[in-house]
Every structure is written in C-alpha cells, then in structure tokens.
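Naming convention: chains lettered A, B, ... in sequence-line order (proteins, then strands); numbering from 1 in each chain.
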Amino acid sequence: MRYFARRLGYFLLTLWAAVTLNFLIPRLQPGDPAEMMVKKLAGKDAELDPAKIAAMRAMLGSPEGNLFDQYVAYLSQLLRGDFGVSYTYFPTPVTDVIAKALPWTLVLVGVTTLLSFVVGIVLGALAAWKRNSLFDSVVTLGSTFIGTLQAFWVALLLLFGFGYILGWFPTSGGYDSSTPGFNLEFLGDAIYHSVLPAAVLLLLTPIGWILGMRNTMIMNLGEDYIRLAKAKGVPDRQVALRYAARNALLPSVTGFAMALGGILGGQLLIEQTFDYPGLGRIMGQAAMSKDYPLLQALLLFTIVGTLLANLVADLLYGVLDPRARKANS
Amino acid sequence: MTTTQPGQEMAIDAEAQIDEIESAGPTWFQVIWSSKKARFGVVLLALYVLVAIFAPLIAPYAADDLSFNPVELSSPAHPLGTTTQGADILSQLIWGTRVSLIVGVFGGLFATAVALLIGLVSGYLEGTWVDDVLSFFTNVALVVPTLPLIITLMAYSEVRSIWFTILIIGIISWAGPARGKRAQIITLRNRDFVTAAKFAGDKTFTIIFREILPQMMSLVAAGFFGAATGAIGAEAGLSFLGLGNTESVSWGTMLYQAQLQGALAQGLWLWLLLPGLVLSGLIMALTLINFGIDLISNPHLREDA
Amino acid sequence: MKRKWTFAACLALSGALALSACSGQIATRDNPGTAASGQVNSAGTDALIETLTLPAEVADNVAGIENYNPWSPSATSKNYFYEPLMIRSSMNCQVVPWLATEFLWEGPVKLSFTIRDGVKWSDGQSLTAQDVAFTLNLKKKYPALDDIGLWTNSFGAKAESVTAEGNKVIITFTGNAAAKFDSLITAKIVPEHVWGSVGDPAKYVDTKPVGTGPFTVGSYNGRKLVLDRREDYWQADKVKVKHLVIAGNFDATNAALKLTSGQLDAYWGEIPNPANSFQAKDPNLNHFWYAPAGSTVFTPNLTKVPWNDAAFRMAVSQGFDKQQMSQKATYGVMGVASQTGLKLPYAKALLPDAMANTDTVLKYDTAKANEQLDAAGYPVGSDGFRTTKDGKAMPVTFSVQAGWIDYQGAADIIVRNLKEMKLDAKLIASPPDAVDLQKKSGDFDAVLEYLNGGCEVARNLGAKLSTDQFPTKSEVRTNVGRYSDPATDQIVTQLSGSTDPAEQRTLVGQLVDIMVTQAPVTPLFYAPARMIYRTDKAVGWPSEADPYATNSEMLLIMTKLRSAK
C-alpha cells in the first residue's frame, strides 16, 4: 500500500513542478505574442504597422500584474478547467482547437503504436527463439539498419517518392474534399491521407520493441528455470510462450504504457512533413508563434499523459512483478 | 626434498587459479572484434573518423563557399552537384562529418557524465532524501517539453555555436539515462564487494566511483554509445527544424536547406538523399559497436557473434 | 483653401496607364525586366469560370476552425465578404472607388466619403452610410478592432468624430490627418444590423457572414472552403468566377506540384526559382510575375563610426555587387534596386527632374569604391584592413537571420564585397528573433532589412529617415539605422500632411536627394509581391504588361478575371 501511496504523491509533486516550468519557459522568450502575430500575418518582407500591433495587443489582452500574479491567476484558471483562448485562433477556446486535432493524432499514432508493439514483440520473440538462424540475422540486422534512419528523412523520402513523383498518395492534409463525420467517403479519404505518415511510423516504431524483446528473451532463455523446464520435458513451444516470452514481456509492457503516454505529444516532425492536422502540428505552430494559452494547454496534456503513463507503468510493474513490490516497500 | 606447508599449497593453487582466470578471459577489444557485426562497425566508424580528420585535404572546397554556379547537377568540378546557394555538395558532406562526430562524442560524453553523476548518487542512496530530491529533478526533467525549452534557449543566444548545440542536447537528454543508471546501481549495491568496502570504512563517493563504477564499465560504455547516437540524431532533427548551429553546415542543415529550397522540384535529388544516408551510416557504425559492447556485459549473447 | 478631388480625376477602373494628378500617385510605364515570364493573357470571353482554386489566406488553419470575423488572426477567409471603402493598388497607386464612390478633403482635418447606392448586403438589406459610420465608431469603442489606427496618432492625427449624413460619412480629425488616408480606405465595413448586437466584436465568432462582397459561403469541410458567386453583388457582372475554392496551405514544393497539375490556379507564397520549378513545365500556361513591392536594403548603424560618415557610406555602396546578390537571393528574378529608394520604373513620376533620365542604380565598381574610401580619409593599416581617420581599427560585424536563405546568400556576397574594399568584415548568422532584438537595442553594425515601396512615400521612405521612427525596446520601427536630421524630419512632416501633388513631388525629390547623396541605407535588389498563376481557366491576372494589382488586392483581381475559353 505504501508503495502505491508513495508513487501517487510523487506523481502530484512532479505534476506541479512540470506545470510551473511549463508556465515559465514560454514567457522567458523575448518578444511579445502580438508583435509575433502581426509579423506572421505580414510576411517576411513587410513593414510592421504600429497601428496593427497596437490593435493586436488590445485584442489579445495584456496580462495583469507581474509574473507571480500571472502565475497565480494561471493556476486558479487551471483548477477551474479554464484553459483560456488561443491567440492564433482568437477567439476560439483552446480546448476547441485541441479537440479538433486530437482525434487525428489519437488514431494515427495510437493505432500505429499498438500495431508496432504487437509486431515488434512477436518478431523479437521469434528472432530470439530461432537464434542464429537466417531469420534472426535478417531481423536483427534489418532492424538495426532501419533504426538508424532518421524519421523526418524517411518521411521526406516517402513523401517525395510516393507522393510527388509517383503521385500514388496525397502530399498534405488529413483529408481533402469529404465532410468529416462517420461516413464512408470521409473515412476513406482520411485513411488515404494517413497511409504515408502511418507507413513511416510502422516502419520505425517496431524497431525498439523487436530488439528489446529479443535481447530480454535471450537473457531469459539462459536462465536456470528455463533449463529446468526443458529438463522436465515441457514442450519447446510452451517453454517459449509460457516461460520465456511471458517474463520477457514485463519490461516491454511498461515501455508500451510509456509510449502510449507519449502519443499526446503527437509526432511533430512527421506531422509537419505531411501537413497532418494532429497535435504535433499544432504544437509546432504554437511554439513558433508564442501562442501561450494553446502551447501551455498542449504541454499540459503531454505532461499529464506522460506522468499518468509512468504512474500506470510503475503500478503495473508492481502488480505484475512481485519482486518489485517487495523490494520497494 | 622440500615439503610444502598446507597453507602454501593452497596459496600456490589459488595463484594458479587466478592465472587461469586472467588468461582465460578475452580483453574487451577482443570480444568486440570477435563479433562480425561489431567488427564492421569499428571499421565503418574508423572510416568516418578518417574523413573527418583529413577533411581539409579531401574536400575540394570549403563548406560555406557559396561562389559556385547554383543548381548544378553532377559535373567534373562538382561530382555531386551544387546547392541552390552555390555550395559544393560533396564538400559539405565531407565537412559535415566533423560536426556530427564532434556532436556525437561530446554530446554523448556530456549526457553520460551528467547521467552517471546523478544516477549513481541517486541510486546508491536510494531511500534517503538525497535520492528523493535527485529523482524528483530527474522526473521533472523527463517531462519538461523539449521543443519550447529549446526555442527559448535559442532565442537568447546570438551565435549558435556547435558547443551551444551540444549543451542543449545534453540538457534535454541526460534524464532518461540517469534513470537507467540509477536502476542498475540499485541492483549492484547489495553485492558482497560493496558490503566489504562499507565495512572497510570507505566513504560513499569512494564506494560509488572506485568500486561500483568499474563493474559497470561495459554498461556505461554501452550507454555512452547510445547517448552519442542520440546526440547525432538530435542534432540532425534540430537542424532540420532550423534550430541547429549557425556556424557550420551539418548534414541536418543540408536537409533543412534542401527541403526549404524545393530541391526535388529543381532536380537536386542527391542533395536530399545523401546527407540522410551518411547520417544513417554513422549511426549504424556506432550501433554495431554497441552490439559488441553488449557482448561484454552479457556473455549469454556471445555465442552468436 | 479647399481642394476637391472628384471621381473623374482619381479613377482608373480599367487599369489604363493614365497618369493621374492625384497625390503621390505612381504611374506605370512599359518596362522590360526579368521579373516576369512568357506571353500573357488574351482578352478572354464573357463566359463564367466554373471553379478557381486559390491557396488559403492565412498561414495557420490546421484545426479547421470556421470564423469569418475580419479581425480574427486566422479568419477562414478575409478578402471576399467584407469590403473596403476604396482600393488603392500598390502598383500603380490609383485609388479605385469601391463602397465609397468619391472622397473629399476639406482641409486636412475633414474628410467625407460618398457611399455608393444600390449595394446590398448578402441578406438583402441595403448598405447605408450609417453602416460605415457604425463600423468606424466601433473601432473607437473596441481598440482591438482599430487596425487602421483611426483613433490613434500613428501616421496622422487621430479622428475626433465620425458621423453619417444622408449618403455621406463625415470624419473630422484633431489635426492634420492626410497621412491616414491609405489605411483608412482599407477599413472593412460590417453591417450594423448584425454586428450591433454581438457584444465585443473581437470575440465574435462569425460563422454566417453577412457582407457586401462578391461571394457567400458555399460549403466548408474544415479544410476546403467553397465560395459561391452572389447574383445580387453590386458589380456582379464583373465577377466571372462561379465557385471560388480556397484550398489549404502549401509549402514551396507542394505548391509547385499542385500548380503544375492544375489543382491550384494561383499562388503567392515563395517558390524558389519559379522559372525552373514551374514556368518551364508549360510556358504557354504557366506564368509568374514578381512585382517589386519594395527593396531589400543594407542598413548600417548610423550612430557608429565610420558609418556616421556619409562619404564613407557612399563609397561603400559603390562596392556592392548587387547583380550577384540578386542572383544568389532571388535566382536573378528580382531587379537591382535604385539608390533612390523608389521602386523604378513604377515610381518614375516621383523622380526629381534632374534624375529623370539617368540610371539611378549605383554601379558596382570596387576600384572606384577603394578610391573614394582613400579620398575620404580611411587609410589602410598594417594588417591590410582600413582604419578610422585616427588610425583605430574598425571591424564590421554583419548580422544576418539564420534560416532566411535569400538573406544569407546576399549577406555572403556583402561580406565578400566589404573585404574587397579592405574592410575587416565578419558574417554572423543569428536566429531572426535575436536579430530583431539587436535592431531594437541598436546593438549592431549592419543588417539587411526592408524598405517598403508603397504609395505613401512619407510612411515608407520618409519613415525610414525620421527621428520618431527609431525602434523602441518593444517594437521594431522603420528607422532601424537611426538616421536623424531635423531638416529631414521637417520634410517628412510636411510631406505626410500634404495633399497637393506638386508639393509632394518636390518634397519626395528632397528625400530622394538624401538617399542619393548620403546613402543612409543602400537598396540592393527589389523584394517581391508574387503572383504565380495558370491561364488555362482564367485570364486577366496582373502581369508585367498589365500591373494593376498585387496579391494584396484580391477583390480588385476578382473583378478583372475573365474566362480563358
């Protein structure tokens, strides 16, 4: 019980620290949002009209009080669930902006993470079981090579190859002319637009699982209890599944929980390259244009997601592995 | 006839055993070299290092020399063509090796050093307030959003030198490995040799860094190589977003410019393809070497080199 | 004394190249140049164009939020619902009456507009002068809407009152407000019967826009906006586009691709090397015109030695290879800029008579530059670099925005040129925000920046030379170089308050003189307002032969487009 209580306390404390940092960091950047906004609308070669900047400042509102007052105001707003209004999409509330982008990221990154996890541990386990075979060599070397490829570069290549040159897939956006909703046309359109980004993710994400699972399983296969099982005459298949794999799964499962937490951050580089309307894209824009309210809300979601996932992972570990519980209480 | 005392016999036996142990085990280099994969990695890395060291001799021009005809496809003077700014692509590739290697080595070192310091102390003193405080910082550092942090830090520096980039990368990447080191040391600290050192009266720091650390060397080395590959990838990503160092042209910067200038629409394939390939090659070399290091710490894997 | 400006004197609806006697107007001339391509437009037919696809009007609309409020930073469409009083083309500076048919200055403190008859809002009600007065007064009540500075003292005295009398709107100012005219006429007019009851207009999410504009909302699926032509638009017979599709945001490669395949009909963002990336793919249909909107200028810090010496500046300006800079920065598309700071040949009418037929571009001549530097008293020191008159070293650190590839290309050549003139020059690439900080604090040696070539010279060239336009700690204002001269300030004040074209021309001539004899900034090459388009569906786009507008005047362009088949 103490174990769980400690973990929870930790979670809350870290959450508070992260929220505070989250508040401070964008405000330490020089320049103010109004000027940034007008600059963006005017373009690179343009004179900045002071009247426009003044009007934008009046619109976005200047924060009252010094930094500490703003911080207190921010915290009390948070506790009320008021995330404020986005600067870029003024006067749309931040929650609306995020709500529009969330499904795209959830679906794209969520589905690919799940698929990658499954494919990854299966391949990794198989490779470990058939150690030193051709299969193993191909999987290991192939995964290693693919793991060295930078995500944004692969994205660019796929975009240019299949999107521009061959023209098989669309080159930007999440959908095109269909109307969002649960209709076949839209779903088809959305899937068509997610093929390329999903391909990049499906190519690169399983690597970690494959190699991790393989290594852990190999380590486990050398353990004594495996030898004992084999000596007892347990069939090979059972040894693999019920003994080796199941134990090797442990670190992977907690890793998976953490990966799920990372989903809320979206995949910035990939979404940017494909102009995919997910959370990563919005976060990139908000960071570059000093859209404080939107940025803070997004970061908050990411942080909460990561922390929650960590918490769940720790708790899971406590549940799944009695040794961890004992060692920590 | 000399008769040996019983004690002496034991001592002689023990010595013989020690000799056997010391000569039976291979050195770390032999282990790495024995693995085909790792061997290939070492050779590949050596190639990159040579290119970096001899860059002034090999590269036909300077990386920031913009005096050539822009948008030239392959020609004898420019075998890989020129960029839209008029720089020679081959030269930029060669000089870029230096940037990536420097970032890899020093970025990896910095991140590993900080991770070691914090992770080891925190793990050894697990359960005390020192650990609680350090773990707290580590956790917060893990969840702090990196992109806004980077943008903020960038905005304050007038010149973004390569060391600044290394600093940034170190700041954003020490937390994960720190956690890992902490976990490792927790498993090691209950071993006998640590207990013995404690009884001998050694101070905490001495125990951590003189007794435990050497045992972890292979794990630390593996961690370093991992951090190095991470640093190289991070530098490429940062440069691609336009947040990289402004003093020299790295492979990531080349990709950034290629995309911005519509390289594809102008037929400059190579500008887009090559920097990514050589980047992958370097990371591959380091990863393969890491395989070899894994063999040192995990003898079970040795059979499959 | 009253001056009366009538409809006839100031109007040029058909884009004819007539010289006009109006204030500060710039007439067009025939001008061959490299800024455009190929053969252009036939006269077109009277048929309707079924659909035309244009890129989105704002940079961020990833979230698919629908809001037509014209003051929102990311309005789903800004141009086609709410219309301005008049439209002034940034190219030929002719004022085209729009919702207002004529304007009248009674002295520089009273301005009245006559509002057009027979204009209907898209809900059927009629536009009245009361709507205009309402809109302008709304800006007083809610400063967030005052993006034209009507109720502030920026560029001209602030307004005192706005009233509607019959079909006229009368605006009285607290002082000389002649300089406010250009921004005043761009005010978008909204209907009182809708906006009068929405509370704070800045916070109003306008999903069913009621405007006087040529289109209504057809459909919006979060990404593609389809606008439908209005039959009851007040000049519906001039609008030939049946459905206007506002697609999405595209980067350079995507845009070039979509333009080539016909999925986009026009684009005005940056496409590097347009001749190669787009026009070459089909020279008959693919065109581009990069109109000079202003100049990219070299700005030294005039408070520092040796840049405070006009002779030094003039000498150095001789040593800049502007042709090469344009080559590197714009693929040679943009022309080399005139030292006068005016965009030539469009602004030729404003040149003082003495310069009328001379080439006002400073020629690249390193030998001459070195000669003049020697003569000005800057000896070459023992290390091969020039020193100040008393022998002190004078290194030059040139700051350029990292990531702005065109600026970086030009900067590279600048530093090389400076070295050719034996100046110890160094190039530092900093993040754009850091360079802006430098401009604000005045802590720099030299930077690249922009000189606008707009119609009101007082606000552009004049502002660049005015003491009250120094950048402040919180804003980058026009006079980055910190040029300061009381006589010049007088000239600019007079110019901004003047409504007499002859007087204006004299005053502009004096400013041009300063540029040409003192080189407070050195214009390098022109900066573009781009128009990249296809002529398979629509003809009548602005082009070099017919430079009637840029992408800032989309409404005007909509009334000029005709079907190609």
Side-chain angles (χ1 to χ4, degrees), chain A residues 29-32 35-41 43-61 85-92 96-101 159-160 163-164 167 171-180 186 271 275-278 281-282 285 289 291, chain C residues 58-65 67 69 71-74 139 142-150 152 154-155 183 200 202-205 219 221-224 248-251 253-254 257-258 261 270 293-294 296 404 433-434 436-437 450-452 454 459-460 463 474-478 527-528:
Chain A
Q29 291 177 27
D32 78 319
E35 196 188 7
M36 194 82 232
M37 202 71 62
V38 175
K39 245 197 267 188
K40 214 168 40 140
L41 289 171
K44 196 186 97 209
D45 288 319
E47 290 294 356
L48 289 184
D49 187 348
K52 290 211 173 78
I53 299 185
M56 188 62 74
R57 285 215 180 101
M59 181 181 277
L60 299 181
V85 163
S86 157
Y87 289 163
T88 324
Y89 297 97
F90 196 88
T92 315
D96 284 356
V97 177
I98 295 185
K100 278 232 152 73
L159 178 66
F160 286 147
Y164 289 132
T171 53
S172 74
Y175 60 103
D176 203 29
S177 313
S178 55
T179 324
F186 175 65
E271 288 188 14
D275 193 23
Y276 198 73
R281 188 93 170 76
I282 300 215
Q285 276 172 6
S289 46
D291 186 343
Chain C
V58 284
D60 300 317
N61 205 350
V62 188
I65 311 261
N67 181 5
N69 184 332
W71 294 286
S72 166
S74 53
K139 292 180 193 295
Y142 299 100
L145 271 49
D146 195 6
D147 49 354
I148 55 177
L150 177 62
T152 68
S154 84
F155 292 117
S183 41
D200 184 352
K203 302 208 168 72
Y204 173 49
V205 177
S219 68
N221 75 342
R223 195 172 152 72
K224 241 191 202 160
N249 286 300
F250 308 107
D251 65 354
T253 322
N254 229 335
L257 186 83
K258 289 207 165 10
S261 66
E270 171 80 38
T296 304
W404 292 11
D433 276 345
D436 274 353
L437 267 179
Y450 177 69
L451 168 59
N452 197 11
R459 280 177 80 143
N460 303 306
S474 53
E475 263 171 47
V476 179
R477 298 226 181 133
T478 326

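For Asn460(C), the side chain to side chain donor-acceptor pair (under 3.5 Å) test picks out Asn452(C), with sequence neighbours left out. Scored by the side chain to side chain donor-acceptor pair (under 3.5 Å) test, Lys100(A) finds no partners at all (sequence neighbours excluded).
With a 4.5 angstrom heavy-atom cutoff, Lys258(C) touches chain A only via side-chain atoms. If you measure heavy-atom distances from Trp71(C) to chain A, the contacts under 4.5 Å come from both the backbone and the side chain. Of the atoms belonging to Asn69(C), not a single heavy atom falls under 4.5 Å from chain A. Looking at Ser72(C), both its backbone and its side chain come within 4.5 Å of chain A, counting heavy atoms on both sides. Only the backbone of Tyr204(C) comes within less than 4.5 Å of a heavy atom of chain A; no side-chain atom from C-beta onward does. Using a 4.5 Å cut-off between heavy atoms, Phe186(A) does not touch chain C at all.
In plain terms, the two heavy atoms of Ser172(A) and Phe250(C) that are nearest each other are OG-CE2, 3.9 Å. Taking every heavy atom of both residues into account, Tyr450(C) and Ala527(C) meet most closely at CE1-CB, 3.6 Å.
Under a 3.5 Å cut-off, the side chain of Ser86(A) and the backbone N or O of Thr92(A) do not form any donor-acceptor pair. Side chain of Tyr175(A) to backbone of Asn221(C): a donor-acceptor contact under 3.5 angstrom is found.
With chain C as the partner, the residue from Ala58(A), Gly173(A), Pro91(A), Pro277(A) showing the most heavy-atom pairs under 4.5 Å is Pro91(A). Annotation: maximal heavy-atom pairing with chain C below 4.5 Å, among Arg57(A), Lys39(A), Glu35(A), occurs at Glu35(A). Options Val476(C), Thr296(C), Thr253(C), Asp436(C) differ in how many heavy-atom pairs under 4.5 Å they form with chain A, and the most are formed by Thr253(C). Considering only heavy-atom pairs separated by less than 4.5 Å from chain C, the leading option among Asp275(A), Thr171(A), Val85(A) is Thr171(A). If you tally non-hydrogen atom pairs under 4.5 Å between each of Tyr87(A), Tyr164(A), Tyr276(A), Phe90(A) and chain C, the highest count goes to Tyr164(A). The residue among Leu150(C), Leu257(C), Asp146(C) with the most heavy atom pairs within less than 4.5 Å of chain A is Leu257(C). Most heavy-atom pairs under 4.5 Å with chain C: of the set Asp176(A), Leu41(A), Thr179(A), this distinction falls to Asp176(A). When the candidates Arg477(C), Glu270(C), Glu475(C) are compared by the number of heavy-atom contacts under 4.5 Å with chain A, Glu475(C) comes out ahead. Put simply, of Lys203(C), Lys139(C), Arg459(C), Arg223(C), the one with the most heavy-atom pairs under 4.5 Å next to chain A is Arg223(C).
The side chain to side chain contact (heavy atoms under 4.5 Å, CB included) with Asp291(A) is formed by just one residue from the set Val97(A), Ile282(A), Thr88(A); it is Thr88(A).
Looking at Gln285(A) and Arg281(A), their side chains come closer than 4.5 Å, going by heavy atoms from C-beta outward.
Atom CD1 of residue Ile53(A) and atom CE of residue Met37(A) lie 12.0 Å apart, to the nearest 0.5 angstrom.
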